[in-house]
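What follows is one structure encoded as structure tokens, with my remarks underneath.
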Amino acid sequence: MIADLVYAVAGAGLLLAIVLPALLDRWAVSVPMVLLAVGVGLGLTPLTDGLPIDPLDHRAMIEHVTELTVIVALMGVGLALDRPLQLRRRASWRAWGSTWRMLGIAMPLCIGAVTLLGVAAGVGLATALLLGAALAPTDPVLASDVQVAGPRTGEHEVDEPDELRFTLTSEAGLNDGLAFPFVYAAILLAQHSRGDVDWLGWFAWYGVAKVVLGVAVGIAVGRLLAYLAFRSASHSLRVAERGESLTALAALLTAYGLAELAGGYGFLGVFACAMTFRSAERSHDYHAAMHEVTERLERLLTLFLLLVLGIALSRGLLAHLDWRGVLIGLGLILVIRPASGVTALLGSRSGMDRPQRAAVAFFGVRGIGSLYYLAYAMGESSALASPWLWSTVGFTVTASVVIHGALATPVMRRVAPQELDPAEGRPPGG
């Protein structure tokens with residue numbers, strides 16, 4: 001019965017995901033908002049009795065499903081970005097200036113502010129730090145309304161014309177992996193007393209070495225696959241000529257697995273692999289085909305998770321939510337993230353005007369990545385297993401989906417240049 005219900009819900013959800021984007025295009029209602037509402041409605045019926053939705057009892061399942069969703073999204077984000085990042089060219093690094101500001105200034109400020117707010121509200125330091133780390137990264141899964149549409153290919157100049165969407169997209173691609181050191185800091189605090197933690201060792205291994213290993217493995221896998229796909233001497237290996245877009249899935253799984261086996265951060269490995277692959281034959285239509293595959297798989301996984309999250313919301317996920325969780329969640333969305341983003345972009349020479357910088361600061365969508373980090377940390381330390389944490393993160397993700405989803409369409413139409421169709425270089429429908 002439960003398996004049949006899962007099939008029925010997944011099928012209905014997929015149909016909604018197919019038809020809703022066009023139906024909601026002119027309204028301040030996002031697809032995630034509708035899918036959450038559908039899930040809440042299903043949760044209020046007897047149909048969902050017996051579904052395995054308790055986050056503490058089914059932590060491992062939540063971890064792996066959200067993990068897969070995030071790495072698929074990261075592959076899609078890396079393939080979607082048209083602006084290259086050439087490691088040996090200073091000008092290329094400067095072109096990503098807004099991204100580095102959001103990663104190096106805004107994200108640590110968000111983590112620190114949420115941690116301090118949690119401690120001030122009476123939450124333990126390890127729990128507060130985990131909450132800050134889990135909620136700090138912006139989400140590449142639920143933020144499609146404020147991100148670039150996809151790779152633009154063809155004969156025209158391939159570069160990123162929209163600085164606002166580029167900043168939000170590239171930030172979401174990188175900060176999922178860069179939040180990991182802080183998650184590990186919370187785990188170490190939970191496992192040891194504060195004085196027993198080797199903070200120098202934490203910084204060297206979790207803050208530097210694992211980042212370098214993840215990026216290095218991702219670049220190596222991306223270069224190898226790009227060489228095989230575009231320039232291999234063997235015709236059977238030049239999959240780009242055949243348009244075999246499932247290479248995207250092979251790439252993301254290989255990069256993630258090898259990066260993790262090497263001891264690095266797999267999230268960074270996947271994003272680095274996608275960016276490296278995208279840098280090869282940049283005008284080739286094969287990039288658009290690969291992005292389409294990852295986008296479709298991401299949509300399928302996301303709709304399933306949103307429906308389950310909606311069901312969980314009406315089945316007790318928020319039972320342990322209190323004023324502290326509401327304060328932290330709304331404080332992050334409405335005050336901490338906007339203030340941190342504005343601070344990070346002060347003096348930026350990106351070319352964005354003040355309303356666009358404000359939009360970058362505000363649209364820090366929270367989502368699937370936060371659920372993954374929470375599930376992962378609880379698997380590493382039972383001391384962090386808390387129903388209050390699940391209620392707080394569930395509330396924050398839901399609030400982000402509703403607030404950002406309602407404002408994304410009207411705000412982006414007002415402050416952002418019209419997004420171009422990635423395949424043909426013109427406005428959608430034009």
Side-chain angles (χ1 to χ4, degrees), residues 30 32-33 70 77 98-121 123 128-147 163-180 182-183 324-346 348 350 352 354-374 389 392-408 410-412 415-416:
S30 68
M33 291 170 63
V70 172
V77 166
S98 296
T99 305
W100 308 137
R101 285 169 172 265
M102 296 303 295
L103 294 172
I105 301 175
M107 189 173 76
L109 285 176
C110 284
I111 295 174
V114 170
T115 302
L116 290 175
L117 186 58
V119 171
V123 179
L129 180 56
L130 174 59
L131 192 59
L135 292 174
T138 54
D139 197 79
V141 180
L142 300 180
S144 58
D145 289 339
V146 295
Q147 293 183 353
E163 188 69 28
L164 192 165
R165 287 189 172 90
F166 167 78
T167 302
L168 288 168
T169 307
S170 55
E171 179 197 7
L174 284 165
N175 64 15
D176 266 302
L178 295 177
F180 247 124
F182 301 97
V183 173
R324 299 174 301 169
V326 174
L327 175 66
I328 291 171
L330 294 182
L332 172 65
I333 294 170
L334 300 177
V335 179
I336 294 174
R337 161 67 189 204
S340 299
V342 168
T343 302
L345 294 175
L346 286 175
S348 171
S350 62
M352 290 186 289
R354 184 176 297 178
Q356 290 174 334
R357 291 197 297 271
V360 170
F362 178 76
F363 284 110
V365 180
R366 269 60 195 173
I368 306 303
S370 298
L371 301 175
Y372 166 76
Y373 279 125
L374 196 56
L389 274 174
T392 300
V393 171
F395 167 78
T396 305
V397 171
T398 303
S400 178
V401 167
V402 173
I403 294 172
H404 293 130
L407 295 175
V411 171
M412 295 300 282
V415 305

Between [X] and [Y], is there a donor-acceptor pair closer than 3.5 Å when you use the side chain of the first and the backbone of the second?
X      : Y      : result
His404 : Arg366 : no
Ser370 : Ala134 : yes
Ser400 : Thr396 : no
Asp139 : Ile368 : yes

Considering all heavy atoms of both residues, which atom of [X] and which atom of [Y] are nearest to each other, and what is their separation?
X      : Y      : value
Ala399 : Leu330 : CB-CD2, 4.3 Å
Leu174 : Trp100 : CD1-CZ3, 3.7 Å
Val114 : Leu131 : CG1-C, 4.1 Å
Ala359 : Leu164 : CB-CD1, 3.9 Å
Ser340 : Leu109 : OG-CB, 3.5 Å
Arg337 : Ala361 : NE-O, 2.9 Å

Gap between atom [atom2] of [Y] and atom [atom1] of [X] - 0.5 Å precision:
X      : Y      : atom1 : atom2 : result
Met352 : Leu345 : CE    : CG    : 5.0 Å
Leu135 : Leu130 : CG    : CG    : 8.5 Å
Leu407 : Met412 : CG    : CE    : 12.0 Å
Leu129 : Thr115 : CG    : OG1   : 4.5 Å
Ile111 : Phe182 : CD1   : CZ    : 4.0 Å
Arg101 : Leu346 : CZ    : CG    : 8.0 Å

### Task
Evaluate the criterion side-chain contact (heavy atoms from CB on, under 4.5 Å) for residue pair Ile403 and Phe362; output intermediate values, then yes/no.
CA-CA 10 Å; Ile403 294 172; Phe362 178 76; 3.9 Å; yes
### Message
Walk me through whether Leu168 and Arg165 qualify under side-chain contact (heavy atoms from CB on, under 4.5 Å).
### Response
CA-CA 5 Å; Leu168 288 168; Arg165 287 189 172 90; 5.8 Å; no
### Message
Under the criterion side-chain contact (heavy atoms from CB on, under 4.5 Å), I'd like the reasoning laid out for Leu103 against Glu171: C-alpha separation, chi angles, the key distance, then a yes or no.
### Response
CA-CA 7 Å; Leu103 294 172; Glu171 179 197 7; 4.3 Å; yes
### Query
Does any non-hydrogen side-chain atom of Val411 lie less than 4.5 Å from one of Phe363?
yes
